[in-house]
Amino acid sequence: MSEDSTEHTPIDFIREKINSDNESGKYGNRVQTRFPPEPNGYLHIGHAKSICLNFGLADDYDGVCNLRFDDTNPETEDQDFVDGIIEDVRWLGYEPNEVVYASDYFEQLYQWAESLIERGLAYVDDQDAETISEQRGGFTTPGQNSPFRDRTADENMALFRGMRAGDFADGEKVLRAKIDMNHENMQMRDPVLYRIRREHHVRTGTDWIIFPTYDWAHGQSDAIEKVTHSICTLEFDTHRALYDWCLENLELPAEKPEQTEFARLNLTHTITSKRKLKALVEDGSVDGWDDPRMPTIRGMRRRGYPAASIRAFMDHIGVSKANSTHDIELLESFIRTELNKISLRRMAVLRPLKVVITNWPEGQSDMREAINNPEDDTAGTREVPFSGELWIEQDDFALDPPPKYYRLTIGREVRLRAGYFITANDVVTDDDGNVVEVHCTYDPETAGGQAPDGRKVKATIHWVSAATAVDATVHLYDRLFTDSHPGSGDTEPLSSLNPDSRETVQAKLEPALADIEPGQVVQFERLGYFAADIDDASVFHRTVGLRDEWANIQKRKQNG
RNA sequence: UGGCCGAUAGUUCAGUUGGCAGAACGCCUGAUUUUGAUUCAGGAGGUCGCAGGUUCAAUCCCUGCUCGGCCAGCCA
């Protein structure tokens with residue numbers, strides 16, 4: 001990738017911890033991480049940060065990283081999500097050491113729960129959720145002990161086995177850790193370890209009707225897999241004490257893993273709540289989880305974001321404990337940087353305006369040679385058919401040009417990219433006075449785009465020959481949310497949903513674009529990067545536009 | 001209200017085991033350019049949240065304060 005650079009990238013607090021663990025020989029120089037999604041939705045850009053971190057750490061330290069499904073709640077989980085998540089992780093460029101499931105450990109977790117009961121560290125509670133919640137107390141008020149807290153180990157054991165065997169209804173009993181109802185950390189006030197739920201589980205089917213909670217499953221799953229560094233987001237920091245409590249009270253197969261928390265990723269104009277993304281899909285605001293406007297990994301893939309750009313972005317923003325919201329423009333700049341290097345250049349006209357070249361020899365056909373990618377000599381050239389009837393962009397002609405307008409206007413000469421110099425002489429208008437056709441003359445001496453007399457033009461515009469144009473549907477995307485921080489304050493994020501987040505146009509493409517591969521991203525010259533749809537290559541999605549100085553000039557004028 | 005975490009250019013974030021403060025994005029100049037793109041060169045832009053303390057020296061360590069985030073699911 002990058003040539004060896006002498007500048008060392010600054011080290012983050014997680015790598016610092018790993019380095020010091022390695023120095024002290026804590027895990028015998030072993031580094032093992034895991035990415036642990038719950039399969040209740042598809043992955044989004046926030047997960048991508050965690051993936052890049054966990055797999056990146058494993059790569060950097062010659063360690064391994066598992067993909068582990070945290071499938072401890074049968075209610076919301078689905079096989080489609082499992083398959084989709086595996087696919088998304090691979091697409092991002094990472095190969096899990098192993099794909100594992102918390103549900104693989106249900107029997108071990110159950111045995112460990114029995115061992116807790118034997119030692120008087122857990123009890124069965126008969127109270128309902130509401131009562132337990134009330135007894136938990138508040139931040140400044142102590143909790144109350146459950147009346148069932150002092151059952152004997154034998155009694156608890158019999159009851160817990162009964163829970164597993166199906167003697168009780170859903171919600172009738174739970175298993176709780178016996179810690180401290182006055183603990184200042186609410187997570188430590190006798191948390192629930194097991195609940196009864198007669199629900200079909202994606203992997204275990206109906207084998208189990210009791211399910212461990214996150215807190216009882218997570219640390220132990222880490223320990224079973226011999227994870228060394230268990231990295232999660234900030235909101236789990238209060239769970240760390242419980243994570244440690246569980247592991248310290250069990251016979252572990254390996255050295256105790258340690259949890260470290262980092263700040264999750266937020267982006268402007270974007271939401272990263274699985275629940276809310278699901279709502280967008282379900283109410284039809286978007287076409288699906290893979291709609292190009294979605295911040296999901298599948299959405300970004302369909303949109304044409306290269307996985308390498310996403311990785312480079314994550315590398316750049318680094319990892320810290322400061323809650324942060326990055327500008328979506330920053331991500332887009334990484335997309336442009338990558339695409340500029342690799343994408344083929346093509347010509348496409350999004351909003352066509354007819355140009356007739358009045359001095360073009362009747363019936364003459366012509367092939368122009370165009371460079372495929374000025375950033376990559378090996379990309380070669382292609383032929384583009386030229387004729388006396390062309391499509392140009394409506395924006396590239398102005399009857400009454402604003403100041404600093406370089407493009408085509410009556411009496412002005414411009415260059416057609418890879419073609420000829422043309423001068424506009426006349427227009428045809430419709431009944432409303434709109435220009436529907438521009439009549440030009442071309443200079444045959446300027447074939448290839450240079451004038452032998454050395455005269456210059458200020459603008460070069462793109463074009464497509466009308467006779468051979470390929471029709472295509474092109475989706476132009478704007479931000480999904482108009483608000484830079486959707487849902488900030490007390491606003492409902494969906495209330496700032498942008499009604500104009502997608503504009504669809506019928507475009508005219510040069511013939512080479514008929515052969516594009518599904519999913520391939522090209523640059524439409526002067527417009528931006530566009531991805532052929534994964535399922536239908538005659539449909540294009542605008543991945544991201546080019547930087548646009550002309551738009552800046554106009555904006556500045558508008559703002560005074 | 002208790003606990004934990006945070007606060008650094010216009011913006012978003014790094015960083016400093018205490019020694020002249022960094023990046024990207026954005027913005028502005030100029031050069032190159034058959035994309036108003038790219039590339040290159042340069043520029044503007046900071047009381048490092050506030051107040052004390054320790055120190056030869058504090059953005060960094062300590063104390064207090066202010067503001068923001070998270071925590072009282074049988075979700076993860």
Side-chain angles (χ1 to χ4, degrees), chain A residues 9-12 16 36-38 40 70-73 75-76 125 127-130 132-134 136-141 143 170-171 173-176 183-187 189 191-197 211 213-215 217-218 232-241 261 263 266-268 274-275 313 316-334 336-337 340-341 345 347 370-371 374-375 404-407 415-419 421 446 448-450 456-462 484 523-528 545-553 556:
Chain A
T9 47
I11 197 162
D12 59 66
E16 233 162 59
E38 184 187 13
N40 65 347
D70 234 333
D71 55 349
T72 55
N73 182 0
E75 267 175 18
T76 52
D125 197 332
Q127 303 179 110
D128 62 22
E130 203 182 328
I132 289 175
S133 172
E134 280 163 14
R136 183 120 44 212
F139 295 132
T140 52
T141 51
D170 288 15
K173 288 183 170 27
V174 290
L175 184 73
R176 290 228 259 169
H183 204 107
E184 65 184 16
N185 181 345
M186 300 299 291
Q187 308 299 330
R189 320 257 261 220
V192 170
L193 268 24
Y194 272 95
R195 69 285 210 195
I196 305 171
R197 216 155 265 191
F211 291 91
T213 55
Y214 165 86
D215 287 305
H218 204 92
C232 63
T233 44
L234 245 31
E235 67 269 25
F236 289 100
D237 65 348
T238 51
H239 291 250
R240 189 173 60 242
E261 310 86 21
N266 297 296
L267 285 178
T268 55
K274 262 194 219 169
R275 216 188 78 242
F313 171 71
H316 178 261
I317 64 172
V319 36
S320 77
K321 295 184 86 119
N323 283 313
S324 57
T325 303
H326 284 85
D327 284 339
I328 184 84
E329 287 84 358
L330 182 59
L331 207 210
E332 289 176 342
S333 79
F334 277 83
R336 283 195 197 97
T337 300
N340 176 54
K341 281 188 302 191
R345 310 295 132 120
M347 289 197 284
I371 293 168
E375 308 291 319
K404 292 199 178 168
Y405 187 83
Y406 299 159
R407 283 110 100 147
R415 173 166 41 231
L416 294 175
R417 169 124 251 223
F421 285 12
T446 57
Q450 297 285 10
K456 303 284 187 207
V457 290
K458 272 234 143 143
T460 300
I461 66 175
H462 61 277
S484 67
Q523 185 193 93
F524 288 175
E525 292 212 47
R526 303 206 306 131
L527 297 174
L546 260 24
R547 275 188 69 233
D548 188 350
E549 177 62 17
W550 174 236
N552 273 353
I553 290 169
R556 247 177 278 154

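Below, chains carry the letters A, B, ... as their sequence lines are ordered, and counting in each starts from 1.
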Are the side chain of A:R189 and the backbone of A:H183 linked by a donor-acceptor contact shorter than 3.5 Å?
yes

Atom pair distance, as rounded to whole Å: CG in A:L234 and P in B:rC70:
10 Å

Check the distance between B:rC75's P and A:H239's NE2 and give it to me in whole angstrom.
12 Å

Within the stacking criterion (centroid distance below 5.5 Å, interplanar angle below 30°), does [X] stack on [N]?
X      : N      : value
A:Y214 : B:rC75 : no
A:F139 : B:rG3  : no
A:W550 : B:rG36 : yes

Does one side chain, of A:Q187 or A:N185, offer a donor that lies under 3.5 Å from an acceptor on the other?
no

Tell me whether the OP1 or OP2 atom of [N] has a side-chain N or O from [X] closer than 4.0 Å.
X      : N      : value
A:N552 : B:rC27 : yes
A:R336 : B:rU38 : no
A:R176 : B:rG73 : no

Looking for any heavy atom pair under 4.0 Å, which part of the strands does [X] touch: base, sugar-phosphate only, or nothing?
X      : answer
A:Y405 : base
A:L416 : nothing
A:E130 : nothing
A:R417 : base
A:E75  : nothing
A:Q187 : sugar-phosphate
A:G318 : nothing
A:R407 : base
A:K274 : nothing

C1' atom, B:rC40 versus B:rA76: distance in rounded Å?
49 Å

Measuring only the C1' atom in each nucleotide, how far is B:rU59 from B:rG26? A whole number of Å is fine.
25 Å

Can you list the stems that include RNA chain B, where a stem is three or more consecutive Watson-Crick or G-U pairs with distances under 3.5 Å?
B:2-7 with B:66-71, B:10-13 with B:22-25, B:27-31 with B:39-43, B:49-53 with B:61-65

A:K321: what forms a salt bridge (Lys or Arg N to Asp or Glu O under 4.0 Å) with it, not counting sequence neighbours?
A:E261

Name the residue closer to the 5' end of RNA chain B, choosing between A:F334 and A:E184 according to the nucleotide with the nearest heavy atom.
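With A:F334 and A:E184 compared, the 5'-side residue is A:E184.
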
Take nucleotides 58-65 of chain B nucleotide by nucleotide from the 5' end and write B, S or -, depending on whether a protein heavy atom sits under 4.0 Å from the base, only from the sugar-phosphate, or from neither.
--------

